[in-house]
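A short write-up of the structure that comes next.
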Amino acid sequence: MLDKRMPLEDMVAQLRDGMTIGIGGWGARRKPMALIRAILRSPLKDLTVVSYGGPDVGMLLTAGKIKKLVFGFVSMDLIPLEPHFKAARQAGSFEVWEVDEGMVQWGLRAAAAGLPFLPTRVGLASDIVRRAAGLKMIRSPYDDGEEFVAMPALRLDAALLHVNEADQVGNTVILSPDPFFDDLFGRAADRTFVTCERLVPTAAICTTERARYNPFERSVVTGVAEVPFGAHPTANGPDYGIDVAHLTAYGAATSAEAWAEYRARFVDVPNHDAYVAAAGGAAQLASVALPVF
Amino acid sequence: MTDHSYSLADLCICAAAEAWRNNGEVLASGITLIPRLGASLAKLTFSPDLMMTDSEAYLVAEPVPVGKRGAYVPVVEGWMPYARTFDLLWGGRRHAMIGPTQVDRFGQSNLSVIGDYTKPAAALLGVRGLPGNSIHHANSYFFPIHSTRSLVKGEVDMVGGIGYNPARWPSGVKPRGLDLRLIVTDLAVLDFEGKDHAIRVRSLHPGITLEQVQAATGFELEVPAAIPLTAAPTPEQLAIIAMLDPQRLRDGVFKGNPPGDRRT
């Protein structure tokens, strides 16, 4: 029987400098943060990151891991501006490829379907068509002759996702209210690494009713790791909410000294269990209330 | 003075609600407190066919009160995750009111950066969905501080939301989904019903002069022969607003929570 289980470190060991990495979730929700922290501990560099950005992007930027960012926004939802992104963006410290959030899913969809691009009106008449380097236009070959943005495929070397439950062969279920675009990230990627709150036997992962929460088939998945609280400090509904207190402290840690302190306490720790303990312990993390928008 | 007092927040909520009058069966997305309460008020009064969400992932049959939910349980009527939101909005059946950082005389809006694009003085959220929203469906804007820093001279620093600027339109042809409606501010209500969709003064909040509004605007406003006062909230509207915002979060939107009628 297939067994895709692997430690976080083995997932990160499959990544290379200069790769294009897609990160699932949205803002401060269902981000594969344990994997992000593992990347921070690794020597990886010069990454191109595609993300509906939150603290995943902020941490990778402050740690100097990102060469180029493909994004529509970076936000922590309940804390609208991401201070680490803000500081890095203002310093001009990375290459910006900013497009509408709908264009991001369109580019992932093109990659998933093996297409070089998909046409869209989004971006027309805005500064995106002037600012996003290399973005090209295309004219409809039909009678309308309309001009469109040709959103290029966002082909990923790897996708990183966090889900509620998975089994060892790569079946997954996302029980939180919004599956976001994790399915497209997975399909757009050569390799997809999934962390989950709970690893369950295949016999227990689905029922006909729960099958609706299965975002993609297991062949999308390369590796699986059971990492309880693997999305913390972002939310992983319905299991736990956004840890606003933690994100506030993280957001305040943009100076070199404060970041070094944050990093020593929460990133450069021996393993994920040590992170959970440092962040307040399993009982406390489990009690973080679900967000109300 | 009227026989009932109301705050500037109450006035702006009612003015924002007007954006959704006669909209039919569209998704009403009021982003941030005043627009959200405006959309909610519209749905509970003159536009019952509006669709709304809980601001997360579910369609709700009645507006969800803002703030801590307490015992309130949203009345879910459907599902609206982001993927479906894009599907819907690219089809045009939506009217959003958001609070960008800047808007210009064309109605172009910016939520991305202030200043130079490569090394901005202030990095904000990013373009988010502004380009896609503005080219596909109706949009309105809310500004809690009407000033030349928010309603700017020239063009906005990064055009995210598109506007009535033919120089930027493909082949000079107006994108068919472009449809800007209202701008609600702490001073006035503006619309796009001037010549060639120029921004026009629609109403002045009680106690605010046209000169004040023009001085706080970075571009020339079109002025009709007669400018009405922004309609005062009715007692019925105030009662609904109180129900939608039981913790009075709206009192914190404007500095000092001023009265809606500023005539002395």
Side-chain angles (χ1 to χ4, degrees), chain A residues 26-27 29 52-53 69 71-75 77 80-83 85-93 95-96 98-106 109 120-132 137 139 145-149 176-181 183-184 237 290-293, chain B residues 32 53-58 64 66-69 79-83 85-86 89-90 108 110-113 115-136 155-163 165-171 173-178:
Chain A
W26 177 291
R29 285 172 269 174
Y52 288 98
L69 180 65
F71 70 107
F73 64 85
V74 180
S75 170
D77 293 332
L81 298 180
E82 215 289 1
F85 164 76
K86 187 174 168 66
R89 179 80 178 83
Q90 289 171 189
S93 70
E95 192 182 327
V96 168
E98 181 179 13
V99 291
D100 179 277
E101 59 197 27
M103 292 169 81
V104 174
Q105 55 113 24
W106 213 227
R109 193 175 288 278
T120 177
R121 290 193 181 86
V122 182
L124 294 173
S126 80
D127 265 330
I128 284 176
V129 292
R130 298 182 182 185
R131 295 294 188 183
M137 312 289 285
R139 197 167 287 284
E146 196 175 335
E147 199 178 9
F148 295 98
V149 169
S176 62
D178 195 326
F180 304 121
F181 301 95
D183 57 336
L184 296 180
L290 296 173
V292 167
F293 293 96
Chain B
T32 73
T53 74
D54 66 344
S55 303
E56 186 174 13
Y58 299 102
V64 176
V66 298
K68 288 189 172 38
R69 295 265 166 90
W79 193 39
M80 189 55 68
Y82 279 110
T85 305
F86 292 137
L89 82 87
W90 289 16
Q108 297 176 140
N110 174 26
L111 198 56
S112 190
V113 294
D116 178 64
Y117 188 71
T118 50
K119 231 177 162 187
L124 309 167
L125 283 181
V127 289
R128 272 220 70 163
L130 267 57
N133 292 354
S134 56
I135 205 162
H136 283 116
E155 288 190 274
V156 294
D157 292 349
M158 161 79 182
V159 176
I162 71 168
N165 182 5
R168 285 179 177 267
W169 295 343
S171 310
V173 178
K174 185 179 94 68
R176 60 179 152 179
L178 172 60

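Throughout, a chain's letter reflects where its sequence line sits, starting with A, and its residues are numbered from 1. Only heavy atoms go into these numbers, but all of them, side chains included; no hydrogens, no water, no symmetry mates.
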Among E95(A), R130(A), E82(A), M103(A), who wins on heavy-atom pairs under 4.5 Å with chain B?
R130(A)

Distance (rounded to the nearest 0.5 Å) between L178(B) CG and R121(A) CZ:
12.5 Å

Between V122(A), D100(A), V129(A), V96(A), which shows the greatest number of heavy-atom pairs under 4.5 Å with chain B?
D100(A)

Under a 4.5 Å heavy-atom cut-off, does chain B meet the side chain of E146(A), its backbone, both or neither?
side chain

Restricting to non-hydrogen atoms, name the atom on I128(A) and the atom on P131(B) that form the minimum distance, rounded to 0.1 Å.
CD1-CG, 3.5 Å

Heavy-atom pairs under 4.5 Å with chain A - which of Q108(B), M80(B), R176(B) has more of them than the others?
R176(B)

Are there over 12 heavy-atom neighbours, none belonging to R109(A), within less than 6.0 Å of that residue's CZ?
no

Please look at V66(B) and chain A and tell me whether the side chain, the backbone, both or neither of the residue comes under 4.5 angstrom of a heavy atom of that chain.
neither

Distance col, row E147(A):CD vs S171(B):OG, nearest 0.5 angstrom, shows 5.0 Å

Work out which heavy atom in S75(A) is nearest to a heavy atom in L125(B); give both atom names and the distance.
CB-CD2, 3.7 Å

Which value, rounded to the nearest 0.5 Å, describes the distance between Q90(A) atom CD and T118(B) atom OG1?
12.5 Å

Which atoms of A91(A) come close to chain B, meaning under 4.5 Å heavy atom to heavy atom: side chain ones, backbone ones, both, or neither?
backbone

Can you name the ring pair (Phe, Tyr, Trp, His ring centres under 6.0 Å) partners of F181(A), sequence neighbours left out?
Y52(A), F86(B)

Side chain W79(B), main chain P177(A), donor-acceptor under 3.5 Å:
yes

So which atom in P179(A) and which in P81(B) form the shortest heavy-atom distance, rounded to 0.1 Å?
CD-CB, 4.1 Å

Could you look at T53(B) and say if it's the side chain, the backbone, both or neither that has a heavy atom under 4.5 Å from chain A?
neither

Of G92(A), A87(A), P80(A), G102(A), the largest count of non-hydrogen pairs under 4.5 angstrom with chain B goes to G102(A)

One should read off an interatomic distance between D178(A) CG and T85(B) OG1, to the nearest 0.5 angstrom, of 7.5 Å

In terms of heavy-atom pairs under 4.5 Å, which option from S134(B), G126(B), P120(B) contacts chain A the most?
P120(B)

Supply the atom-to-atom distance D157(B) CG to D127(A) CG, rounded to the nearest 0.5 angstrom.
9.5 Å

Between R69(B) and F293(A), the two heavy atoms sitting closest are NH2-O, 3.6 Å

Given the ring of Y117(B), does R89(A) sit roughly above its face, with NZ or CZ under 6.0 Å from the centre of the six-membered ring and within 45° of the axis?
yes

For the student: nearest non-hydrogen atoms of L81(A) and L124(B), plus distance
CD2-C, 3.7 Å

Contact leader toward chain A among G67(B), G161(B), G115(B), G129(B), where contacts are heavy-atom pairs under 4.5 Å
G129(B)

Pick one of side chain, backbone, both or neither for A121(B), based on which atoms fall under 4.5 Å of a heavy atom in chain A.
backbone

Under a 4.5 Å cutoff for heavy-atom pairs, which residue among A123(B), G160(B), S55(B), A167(B) has the most contacts with chain A?
A123(B)

When the 4.5 angstrom heavy-atom criterion is applied to V104(A) and chain B, the contacting part is neither

Do the side chains of T120(A) and W90(B) get nearer than 4.5 Å, heavy atoms only?
yes

Okay, side chain of Q105(A), backbone of A83(B): is any donor-acceptor separation there less than 3.5 Å?
no

Region of S93(A) in contact with chain B, defined by heavy-atom distances below 4.5 Å
neither

Among F71(A), F85(A), F180(A), F73(A), which residue forms the greatest number of heavy-atom pairs with chain B at distances under 4.5 Å?
F73(A)

Using non-hydrogen atoms only, which part of R128(B) is less than 4.5 Å away from chain A: side chain, backbone, both, or neither?
both

So, the part of L130(B) with a heavy atom under 4.5 Å from chain A: the answer is backbone

Calculate, to the nearest 0.5 Å, the distance between atoms CD and CG belonging to E56(B) and L290(A) respectively.
8.0 Å

Closest non-hydrogen atoms of V127(B) and V99(A), given as atom of the first, atom of the second and distance, are CG2-O, 3.4 Å

